[in-house]
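Shown next, in C-alpha cells, is the structure this report addresses.
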Amino acid sequence: MERTVPLCKVRNIGIMAHIDAGKTTVSERILFYSGKTHKLGEVHDGAATMDFMPQERERGITIQSAATTLEWKGHQVTLIDTPGHVDFTVEVERSLRVLDGAVALFCAVGGVQPQSEKVWLQSEKYEVPKIAFVNKMDRTGADFFGVLAEIQDELRCNAVPVVVPLGKAETFQGLVDLVTMQAIYFDDPDSAEFRVGSIPPEKLAKARKWRQNLVEKCAEQDDALLEKFFATGDLAEAEIWAILRQATIARRIVPVFCGAAFKNKGIQHLLDGVVNLLPAPDEIPPIVSATAADETAIELEPSDESPFSALAFKIVADKHAGKLTYLRVYSGTLAAGQTVLNSTLDKPQRIGRILRMHANHSAQLDVARTGDIVAVVGLAHTRTGDTLCDEDHPVHLSSIEFPAPVVSISIAPDSSEDNDRLSAALYKLAEEDPTFTVAFDQETGETIISGMGELHLEIIVDRLKREFNVAATVGRPEVAYRETATQAVEGQYKHVKQSGGRGQYAHVCLRLEPLQAGSGFEFVNEVVGGRIPANFIPSVEKGVLKAMRSGPYAGYPVVDVRVTLLDGSYHEVDSSDFAFQEAGRAGFKEMFLKANPIILEPVMSVEVTTPEEFMGAATGSVCQRRGRIETMEEKGAQKVIEGMVPLGEMFGYATTLRSLSQGRAGFTMQFEHYEAVPFFLTEQIIKARRAANKIR
C-alpha cells in the first residue's frame with residue numbers, strides 16, 4: 001500500500017514550555033482548527049483532549065506527553081503535547097529525542113521562565129529546529145517585544161518575528177503578517193474565521209520597521225539574496241519563506257509568532273508556520289549515532305526503501321491493550337506481524353498490532369512508514385531507549401539520557417492481598433517512567449520508591465490507587481543523598497574461608513580515587529602477568545558495584561569514584577567468581593572508609609516570584625532554608641528571587657510561601673547539582689539513618 005501523504009509533507013512536532021504557558025490550550029486549538037476535534041476542550045473545565053488522565057484533569061496540568069496526528073493544508077502533523085512541570089521532565093526529554101521540530105511557547109507576561117530555559121536546552125541537545133509562539137497576548141501586562149528581547153538574550157538565539165501584534169492586553173485585536181504586510185483581525189473570539197485587512201495607519205511605521213528586520217535577517221542567510229536586498233531593499237514573499245525555512249531547519253533563525261490561544265487568536269498562523277518552516281523527516285541530517293554491530297558509524301537514509309530502524313521512546317501500561325510501546329520510525333517500514341531485532345538487547349521481537357494514537361484513543365494501522373510515530377502492542381521485552389531494526393541490518397541508535405531521581409519515600413501495602421498487586425503495579429510504572437525507580441531494603445524490609453519530586457511521587461501513589469486498585473501507606477519524603485570519597489587511598493584485601501569442603505580464596509590490591517562531580521564510576525584493570533585470571537576481573541568489579549549501592553559511610557549510593565585493580569593473587573582450586581566478588585565488595589568498603597568520605601545532597605535552582613510588599617519575607621524564607629540568593633530582579637509588577645537551596649530544606653515550602661504572602665507568591669525549582677552536606681548536618685543524617693534501622 002502506497003503512502004497517502006508524501007514524506008516531504010510529514011511533520012513531527014512537540015509543544016514545549018514552562019508550566020502554565022498554555023501548551024495544552026494551544027494543542028486543543030490546533031486540534032479544533034485542523035478538524036481533528038469538533039469541540040474545544042478547556043483545561044480549566046477538565047475537558048482537554050490531550051490531558052486525559054484523571055490526575056491531569058483534576059490539577060489542570062499535563063503529566064504525561066500525549067500524541068495525536070492531524071492534517072493541515074495537505075500535511076500530516078504528529079503533535080506531542082509535553083508537560084511543563086520540572087518533575088515530569090522525562091516526558092520532554094524523550095519526546096524531543098524523536099521529534100523533528102518544536103514549538104517553544106512563552107507567556108506574554110512571564111516571558112522566559114526557568115522551565116522554558118530547561119526545555120530549550122534539552123531541545124538544543126538534540127539539535128531540534130524551533131519556532132516560537134508568544135501566547136496570552138490578551139492578558140494584562142503582556143509585552144511581545146519584551147519577551148522577544150528575553151528570548152534573544154537569555155536563550156542566545158536569533159529570534160525573528162514573522163508577525164507582530166496589533167495591540168496588547170484588552171486592546172489585542174489581531175496580528176500584522178510581516179511577510180504579506182497585511183493585518184489579520186479576529187473579530188469574533190468564538191469563531192475560527194479571521195478577517196484580512198489593511199494595517200491601521202498609526203501601526204504602519206512600526207510594521208515597516210519589523211518587516212525590514214525580517215527581510216534583513218533573511219538576506220543575511222544567503223549571498224545572492226543579500227545582493228538583491230542591497231540593490232532593491234526588499235525580497236519577494238516566496239524568497240522570504242524559502243530562506244526562512246532553510247535557516248529554521250539549520251537552527252540559524254527562530255521565527256516568532258504570537259496570539260492568544262484561549263481567545264482563539266493566532267493559531268492558524270502558527271499552524272502555517274509549522275508546515276511552512278519546520279522540517280520533514282527527510283530534511284534533517286541522516287540519523288546521527290546509528291552504528292552497525294561492529295560499532296562503525298553508518299548513515300541510514302530516511303526513506304521507506306531503506307532497512308527498517310526505529311527507537312522505542314515511551315512505554316505505557318494500557319488497561320485495554322496491555323503494554324504499549326511508542327516508536328519513532330527512522331527508516332524503512334514496519335508491518336503488523338513482522339519480526340524485528342531489538343539490537344539493544346540482541347533479541348528478536350514480533351510486532352503485534354500497530355496503532356496511530358489520538359491521546360488515549362487509537363486507530364489500527366497495517367503498516368508504519370518512515371517518519372511515523374506510532375504505538376505497538378506485543379513488544380514484551382522492549383524498554384525505553386531500545387533500538388528496533390531489520391534482523392539483516394542491525395544498527396544501534398543513540399539512546400536517551402535520563403536524570404537520576406532525587407526524592408524517595410517508603411511504601412507498604414495496606415494488606416497482604418495488596419502485596420503482590422503492589423509489586424506488579426510498581427514494576428509497570430517503573431517500566432513506563434525511567435526517572436521512577438523501585439528498590440527493596442533488605443535490612444528493614446521496606447520498599448523504597450524514588451522520583452523527581454514530591455508531585456511526581458504523589459501522582460505515582462494516586463495512580464496505584466486508581467489504575468491498579470492498590471491501597472498503600474507511604475512514608476514522608478526523603479532526600480536521595482549520595483556518598484563520595486575526597487582523597488585517594490590504596491590497600492589490599494584477602495578473602496579466605498575454609499570450611500569442610502572446598503574453600504574460598506581471593507586477594508585483591510585496590511586503589512580508590514575521587515572523581516569530578518558528575519563523573520559517575522570508573523573501574524580500571526591494571527593487573528599484568530595473569531596474577532588474577534581474566535575471568536575473575538569482572539567479578540571484582542561486580543563486588544565493588546554491590547558495595548557502592550549501599551555505601552559504607554551512611555548507607556547511601558556511592559558516586560564519582562575510580563577504582564583501580566592493581567594486583568592480587570588466586571588459588572588454583574579455591575578461587576571462584578563468588579570469592580572475587582566478596583573480595584571486591586569488602587575491600588572497597590574497607591578502603592572507602594579511609595578515603596575521608598562525605599555525604600552529598602541535591603541542590604535545587606529555585607525561583608520565587610512575589611509582589612514587592614512580600615519581598616523581604618520571601619528573601620528571608622530562602623535564607624532560612626540554607627539558600628544562597630544569586631539574583632533579584634523585577635519582571636513586570638513582580639519581584640523575582642533566584643537562588644540555590646538544598647532539596648532537603650524545600651519540603652513543605654509551598655505552604656510556607658503561601659502563608660507569608662497571602663497566597664500571592666509562587667515558586668519553581670529544578671535539580672541543579674550535588675553538593676557536600678555541612679559537617680554539622682552529616683552527623684544528624686547518619687544518626688537518623690541508624691535510628692531508622694537503615695544501617696546495622
Side-chain angles (χ1 to χ4, degrees), residues 1 3 7 10 12 65 67 69 78 80 90-91 93-100 126 281-282 284 286-318 321-357 362 364-402 428 430-434:
M1 195 172 83
R3 272 184 173 276
L7 191 58
V10 172
N12 293 317
S65 56
T69 301
T78 296
I80 296 184
V90 59
E91 296 290 338
E93 188 82 26
R94 59 176 157 203
S95 299
L96 288 170
R97 169 62 182 83
V98 298
L99 292 171
D100 301 325
Y126 295 116
D282 60 351
I284 51 177
I287 303 163
V288 180
S289 302
T291 55
D294 62 358
E295 298 192 355
T296 56
I298 59 169
E299 285 187 357
L300 285 171
E301 195 62 37
S303 79
D304 292 353
E305 285 68 45
S306 298
F308 167 71
S309 69
L311 187 75
F313 69 96
K314 183 177 167 75
I315 309 290
V316 173
D318 186 275
K323 179 181 172 181
L324 283 180
T325 305
Y326 280 71
L327 301 179
R328 159 67 196 262
V329 182
Y330 280 99
S331 61
T333 59
L334 179 68
Q338 183 177 333
T339 299
V340 297
L341 176 69
N342 181 326
S343 60
T344 310
L345 301 176
D346 199 24
K347 277 187 178 180
Q349 299 260 273
R350 188 176 180 279
I351 301 296
R353 289 183 295 144
I354 302 174
L355 306 172
R356 171 109 54 217
M357 301 305 294
S362 61
Q364 197 153 322
L365 295 177
D366 295 323
V367 179
R369 303 181 182 279
T370 299
D372 282 349
I373 292 177
V374 294
V376 171
V377 180
L379 299 177
H381 302 293
T382 298
R383 310 156 307 179
T384 300
D386 284 1
T387 299
L388 298 174
C389 58
D390 188 306
E391 291 182 287
D392 298 327
H393 298 87
V395 295
H396 297 268
L397 302 176
S398 63
S399 191
I400 312 169
E401 292 176 12
F402 298 112
K428 284 182 179 175
E431 194 176 35
E432 274 190 21
D433 184 349

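As a basis for the values below, the full set of heavy atoms in this structure was taken, side chains included, without hydrogen atoms, waters or symmetry mates.
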Ignoring hydrogens and geometry, is there a side-chain-to-backbone donor-acceptor pair from Lys323 to Ala380 under 3.5 Å?
yes

Just to verify, what does Ser343 make a side-chain contact (heavy atoms from CB on, under 4.5 Å) with, not counting sequence neighbours?
Leu341, Thr387, Cys389, His396

So does Gln364 have more than 12 non-hydrogen atoms from other groups sitting under 6.0 Å from CD?
yes

Residue pair Gly385 / Thr344: nearest heavy atoms and the distance that separates them:
O-OG1, 4.3 Å

Using the ring of Tyr326 (Phe, Tyr or Trp, six-membered ring only), decide whether Arg328 places NZ or CZ under 6.0 Å from its centre and within 45 degrees of its axis.
no

When you look at Tyr330 and Val98, which way does the side chain to side chain contact (heavy atoms under 4.5 Å, CB included) test go after all the steps?
CA-CA 9 Å; Tyr330 280 99; Val98 298; 3.9 Å; yes

Distance check, rounded to the nearest 0.5 Å: Leu397 atom CG versus Leu311 atom CG?
5.5 Å

Heavy-atom nearest pair, Thr339 first then Pro348, reads CG2-CB, 4.1 Å

Could you give all pairs that pass the salt bridge (Lys or Arg N to Asp or Glu O under 4.0 Å) test and reach residues 374-396, with sequence neighbours left out?
Arg383-Asp386

Report the C-alpha separation of Arg97 and Ser398 in whole Å, then their side-chain angles, then the decisive distance to 0.1 Å, and conclude whether the side chain to side chain donor-acceptor pair (under 3.5 Å) test is met.
CA-CA 9 Å; Arg97 169 62 182 83; Ser398 63; 3.1 Å; yes

Correct closest heavy-atom pair for Ala67 and Ile80 would be CB-CG1, 4.0 Å

Can you check whether Val340 reaches Ile351 side chain to side chain, under 4.5 Å on heavy atoms?
yes

Which pair of heavy atoms, one from Gly352 and one from Val376, lies closest together, and at what distance?
N-CG1, 4.4 Å

For Arg350, side chain to side chain donor-acceptor pair (under 3.5 Å) partners two or more places apart
none

Considering only heavy atoms from C-beta outward, does the side chain of His393 approach that of Phe308 to under 4.5 Å?
no

Asp304 and Thr370: side-chain donor and acceptor closer than 3.5 Å?
yes

Below 4.5 Å, heavy atoms only, C-beta onward: do Leu324 and Ile315 meet side chain to side chain?
no

Looking only at atom types and distance, does a side-chain atom of Asn12 sit under 3.5 Å from a main-chain N or O of Pro281, one as donor and one as acceptor?
no

Evaluate Val374 against Leu355 for side chain to side chain contact (heavy atoms under 4.5 Å, CB included), listing each step before the verdict.
CA-CA 6 Å; Val374 294; Leu355 306 172; over 6 Å; no

Return the minimal non-hydrogen interatomic distance between Arg94 and Asp433, and the atom names on each side.
NH2-CA, 4.4 Å

CG (Leu365) and CE (Met357) are apart, to the nearest 0.5 Å, by 11.0 Å

Start with the C-alpha distance between Leu300 and Val395, add both sets of side-chain angles, then the distance that settles side chain to side chain contact (heavy atoms under 4.5 Å, CB included), and finish with yes or no.
CA-CA 9 Å; Leu300 285 171; Val395 295; 4.0 Å; yes

Within the 4.5 Å heavy-atom criterion, are Ile373 and Leu99 side-chain neighbours or not?
yes

Examine the side chains of Thr325 and Thr382 and answer whether a donor and an acceptor come within less than 3.5 Å of each other.
no

How long is the straight-line distance from CG of Leu388 back to NZ of Lys347, given to the nearest 0.5 Å?
13.0 Å

What I'd like to find out is whether the side chain of Phe313 reaches to under 4.5 Å of the side chain of Leu327, using heavy atoms alone.
no

Decide salt bridge (Lys or Arg N to Asp or Glu O under 4.0 Å) for Glu91 and Lys314; before the verdict, give the C-alpha distance in whole Å, the side-chain angles of both, and the deciding distance to 0.1 Å.
CA-CA 8 Å; Glu91 296 290 338; Lys314 183 177 167 75; 3.0 Å; yes

May I ask you to decide if Ser331's main-chain N or O and Ser306's side chain share a donor-acceptor pair within less than 3.5 Å?
no

